Every structure is written in structure tokens, then in C-alpha cells.
Amino acid sequence: MITHCVFINYRDDTTPQAKLAILDGLLALRPRIDGLINIMVGNNTSPEGLDKGFSEGFIVTFRDGAARDRYLADDEHAKVGAAIVAAAQGGTDGIFVYDLEH
């Protein structure tokens, strides 16, 4: 399995509607990608204060690396990714991605 973790430091002017559109776009990927098991989204709730401005994020679980690779190559994923980059503080500097294989 692959757990694909994405954390976003949104620009201050990113509207709730823009965030909702990103969320809707992410959730629409679930039936498109064979092997995409689950998508969890949410706000950071850690009391540790180590988020470095990454206030929201999502975690996608894939059956295997091939499923993750289909997700990365998907045209609709590219559109959602572009929206995330546009909404993130500093573009790609405002996004942290980490994949765990287990």
C-alpha cells in the first residue's frame, strides 16, 4: 500500500469556495482511479505548533505504487493539482508531499 500525504499552506486570500472546489475535485478522483482506496481530508488539529503554516491537507491511500502512478498521470488530478498550486502560498513552496509505502 501507498499512503500519499499532501499538506497545504494556503494563501491568505484563498476563499472557502476555492478550498471547497479543490476538495470536490479530489473526491471526484476516487471512482476514476483503479486502486485508489480512500481519501481523507481535513484541517490540522495538532496542538504542537509544528505545522509551519500547513493548515490543511489530505491523505490518499492506494493499493500499490501502480495505482498511485495512475493517479499522478490522471488528467483530472492534474487540474486539481494546478488549483492547489495556484492557491498555495508561494506555489509549490506552499505544498508538502510525502509518500509512505507499507
Side-chain angles (χ1 to χ4, degrees):
M1 292 181 89
I2 301 285
T3 300
H4 176 71
C5 308
V6 179
F7 304 102
I8 307 164
N9 180 355
Y10 280 110
R11 290 190 340 256
D12 291 340
D13 63 344
T14 303
T15 65
Q17 294 82 6
K19 292 178 184 181
L20 183 59
I22 288 169
L23 170 62
D24 289 344
L26 286 168
L27 295 176
L29 295 173
R30 186 180 298 161
R32 291 180 55 85
I33 312 296
D34 179 43
L36 191 160
I37 297 169
N38 193 29
I39 300 176
M40 296 183 297
V41 297
N43 297 332
N44 176 42
T45 61
S46 173
E48 295 179 285
L50 299 173
D51 57 71
K52 296 181 173 60
F54 291 86
S55 59
E56 298 176 41
F58 58 96
I59 297 173
V60 185
T61 306
F62 297 99
R63 180 178 54 232
D64 52 28
R68 187 257 334 263
D69 294 347
R70 283 190 293 277
Y71 163 86
L72 294 176
D74 184 79
D75 291 339
E76 292 302 313
H77 168 261
K79 291 176 186 176
V80 174
I84 292 170
V85 170
Q89 183 68 38
T92 57
D93 287 343
I95 304 166
F96 181 76
V97 179
Y98 197 92
D99 288 1
L100 300 169
E101 188 169 6
H102 49 97

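Quick caveat: nothing in here was measured; it's all calculated off a predicted structure. Here, residue 1 is the first one in the sequence, and each next residue gets the next number.
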| query | Atom CG of L36 and atom CG of D74: how far apart are they, to the nearest 0.5 Å? | reply | 10.0 Å
| query | Do I22 and D24 come within less than 4.5 Å of each other through their side chains, counting heavy atoms only? | reply | no
| What's in the same ILVMFWY side-chain cluster as M40, cut-off under 4.5 Å, chained through other members? | I59
| Do you know which two heavy atoms are closest between G94 and A88, and how far apart they sit? | O-CB, 3.8 Å
| Side-chain (T3) to main-chain (T61) donor-acceptor, under 3.5 angstrom | no
| Does atom CG of D13 have more than 12 heavy-atom neighbours from other groups under 6.0 Å away? | yes
| query | Would L26 and Y10 show up in the same hydrophobic cluster when neighbours are defined by side-chain heavy atoms closer than 4.5 Å? | reply | yes
| How close do I2 and D64 get, heavy atom to heavy atom, and via which atoms? | CG1-C, 3.7 Å
| query | Between L50 and V97, is there a shared hydrophobic cluster once you connect ILVMFWY residues whose side-chain heavy atoms come closer than 4.5 Å? | reply | no
| field | Atom pair CD (E56) and OG1 (T14), whose distance is rounded to the nearest 0.5 Å | value | 9.0 Å
| request: Starting at NZ of K52, measure out to CG of N44 and round the result to the nearest 0.5 Å. | output: 11.5 Å
| task | Kindly compute the distance separating CZ (R68) from CE (M1), expressed to the nearest 0.5 Å. | result | 13.0 Å
| Linked, directly or transitively: I8 and L29 (ILVMFWY side chains, under 4.5 Å) | yes
| request: Compare all side-chain heavy atoms of I95 with those of I84 and state whether any distance is below 4.5 angstrom. | output: yes
| field | Residues V60, R30; criterion side chain to side chain contact (heavy atoms under 4.5 Å, CB included); working and verdict | value | CA-CA 9 Å; V60 185; R30 186 180 298 161; over 6 Å; no
| remark: Rounding to 0.5 Å, atoms CZ (F54) and CD (Q89) come to a distance of 10.0 Å
| Atom CZ of F58 and atom CD1 of I39: how far apart are they, to the nearest 0.5 Å? | 8.0 Å
| query | With hydrophobic residues grouped by side-chain heavy-atom distances under 4.5 Å, do V80 and L23 end up in a single group? | reply | yes
| said: Determine whether the aromatic ring centres of residues H4 and Y71 are separated by less than 6.0 angstrom. | reply: yes
| message | With a 4.0 Å cut-off on N to O distance, would you call R32 and E76 a salt bridge? | response | no
